[in-house]
There are 2 protein chains.
Amino acid sequence: MSNLAVNNDTCSHGFVQASCTNCNLKGLCLPLAMDIKDIDRLNTIIQRSHPIQGGEHLYRAGDKFSSIYAVRSGSIKTYMIDDDGIEQITGFYLPGEVLGFDGIDTNNYGCNVVALETSIVCEIPFSRLEELTLQIPTLQRHFFQLMSRHIETNHQMLLTLSKKNAEGRVATLLLSLSQRYSRRKLSPNAMRLPMSRMDIGNFLGLTIETVSRIFSRLQKENIISVDGREVVINDHDRLNEICHKAR
Amino acid sequence: MSNLAVNNDTCSHGFVQASCTNCNLKGLCLPLAMDIKDIDRLNTIIQRSHPIQGGEHLYRAGDKFSSIYAVRSGSIKTYMIDDDGIEQITGFYLPGEVLGFDGIDTNNYGCNVVALETSIVCEIPFSRLEELTLQIPTLQRHFFQLMSRHIETNHQMLLTLSKKNAEGRVATLLLSLSQRYSRRKLSPNAMRLPMSRMDIGNFLGLTIETVSRIFSRLQKENIISVDGREVVINDHDRLNEICHKAR
DNA sequence: CGCCCCATTGAGACGGCTCAACTTGCGTGG
DNA sequence: CCACGCAAGTTGAGCCGTCTCAATGGGGCG
């Protein structure tokens, strides 16, 4: 990417071609305390790609690992397929969230990554990132932290799957999305789910029928309002109670 | 720690005081391609502590994050406790495995860590490790890889909890332990489980009764032989089939 | 319009949980 | 030394939550 593009808002492709410097998500995917100078250095290695359509894969499990990705807009899911063809969604990613860390170990990606809707991602070539993290201690620390956060998120998910009943799992997901949207300055109460019931069920270890029934039940009790993928949380407190209830 | 201790096999405490250089686990917790010179540098920052007894905590969730730990002997479990006091074991750690990465993000440990039996761990102060990883690219890469492997292991566990029935979960754990022991040059068929039925059930999202019943059933079918914590795997293939079977 | 995909809802089956009784091994104290 | 208590594990009976299977409804698109 040419440095000329830095600080321009559009480029020849016609879609937004932003720099990290003026990206309103930088508080999420970059260290808060990072130098403008260092951000610019990072900026020069980041490649911003064309939008990817919903259903389109960014990469697949087994592909040669090359880059880390940050979601700029839209939403992404990652899933693995085991030897028997069983699929497990391992995460949903919203703008500002970073993915691809599972490829570092074996040098091949461990997950499949697919867009849930039209999305834009920032690609960070790992070999160049590694050089930068050696030079910018804050940046090394930051990527250690990002990976650490991944691990913690996964631990939380283990608890959800291991200890909560169907209602608790759905409630936990809804509150997680709500929190993450509100951190992006969106309403914590009204949201459009980027994923299907199928995806939710797969992620939470439930069938789509159970997910559907839970949604209906929560609606009947006026805790949420559901219309397809549109969800409004009417009663955060009761939803929270449901999360924090053993099975 | 004095450099004088390097390459000595014992120290004044009377227990083994080894260096990484002659540690037979270094193939597991250190980069294969690491310079002797660099290993020595890492060695000078590593603190080897007294053995910790079974049931004794290495640290607790919320404690100030300071170090990464490598298991030298014995075995360790990590667990989190959520707001409602529900405990979830997040991992078992065998010699050569590294833990503590969950503390990097918030600068407080996210998990409780307790020894399952008398164990020895190597403590790696993180601030000094960070300095070294900036100077030794292989080492930086290695710790990125270790964290990446953690993430992959967790993903695998999500699949286990989300998609497998009780039998599949137990079989998966047994095979995982078997593999990990054999990588440590121990028998892949006969082992002594370091954890209780309670721990197994907690980790796998099952009750102890169910775990016990599964053990009995697998024994009746001659797939394993169980005597308390002593387990012999008689039929790896059938155990493997059970793992790879949808619920 | 008709087709397909996704979602919803109902009825019945089944796997794992709950509750309870019993066994075994171990440490403690009379 | 045995009696006792306690913790860990095993086993059985019945219940409950989630899955399975099936039917139906609704929206997008050729």
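Nothing here was measured: the structure is a model prediction, and the numbers come from that model. Proteins come first, then strands; the chains are lettered A, B, ... in the order of their sequence lines, and each starts at number 1.
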Atom [atom1] of [X] and atom [atom2] of [N]: how far apart are they, to the nearest Å?
X      : N      : atom1 : atom2 : answer
A:R169 : D:dT18 : CZ    : P     : 8 Å
B:K164 : C:dG15 : NZ    : P     : 18 Å
A:Q219 : C:dT8  : CD    : C1'   : 12 Å
B:I86  : C:dC17 : CD1   : P     : 14 Å
A:N202 : D:dC19 : CG    : P     : 12 Å
B:D227 : C:dT23 : CG    : P     : 18 Å
A:I200 : C:dC6  : CD1   : P     : 13 Å
B:I208 : C:dC22 : CD1   : C1'   : 14 Å

Short side-chain to backbone donor-acceptor contact, [X] and [Y], under 3.5 Å:
X      : Y      : answer
A:E241 : A:R238 : no
A:E117 : A:G54  : no
B:N202 : B:E87  : yes

Problem set entry | Beyond-backbone contact of B:I46 with B:E123, side-chain heavy atoms, under 4.5 angstrom |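 No. Closest side-chain heavy atoms not under 4.5 Å.
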Output the single nucleotide from [options] whose closest atom is nearest the side chain of [X].
X      : options               : result
B:L206 : D:dT10, C:dT8, C:dC17 : C:dC17
B:N165 : C:dG16, D:dT10, C:dA7 : C:dG16
A:S216 : C:dA7, C:dT8, C:dG16  : C:dT8

For this session: Assign a letter to each nucleotide of nucleotides 23-30 of chain D from its 5' end: B, base within under 4.0 Å of a protein heavy atom; S, sugar-phosphate only; -, no contact.
Result: --------
Exercise. Can a donor-acceptor pair be found between the side chains of B:T90 and B:T78 at a distance below 3.5 Å?
Worked result: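 Yes.
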For this session: Give the intermediate values and the outcome of salt bridge (charged side-chain N to carboxylate O under 4.0 Å, His left out) for residues A:R217 and A:E167.
Result: CA-CA 9 Å; A:R217 196 190 309 164; A:E167 217 174 28; 3.3 Å; yes
Exercise. In Å, rounded to the nearest 0.5 Å, how long is the span from CG of B:L25 to CD of B:E97?
Worked result: 10.0 Å
Exercise. Atom CZ of A:F65 and atom CG of A:N108: how far apart are they, to the nearest 0.5 Å?
Worked result: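 A:F65 atom CZ to A:N108 atom CG measures 10.0 Å (nearest 0.5 Å).
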Could you write out each protein N or O paired with an N or O of nucleotides 18-21 of chain C at a distance under 3.5 Å?
unit_1, atom_1, unit_2, atom_2, d
C:dT18, O4, B:R213, NH2, 3.1
C:dC19, N4, B:E209, OE2, 3.1

Exercise. What does B:G201 touch in the nucleic acid at a heavy-atom separation under 4.0 angstrom: a base, only the sugar-phosphate, or nothing?
Worked result: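 Touches nothing.
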For this session: Just say parallel, tilted or perpendicular for the rings of A:Y59 and A:Y109, cut-offs at 30° and 60°.
Result: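 Plane angle under 30°, so parallel.
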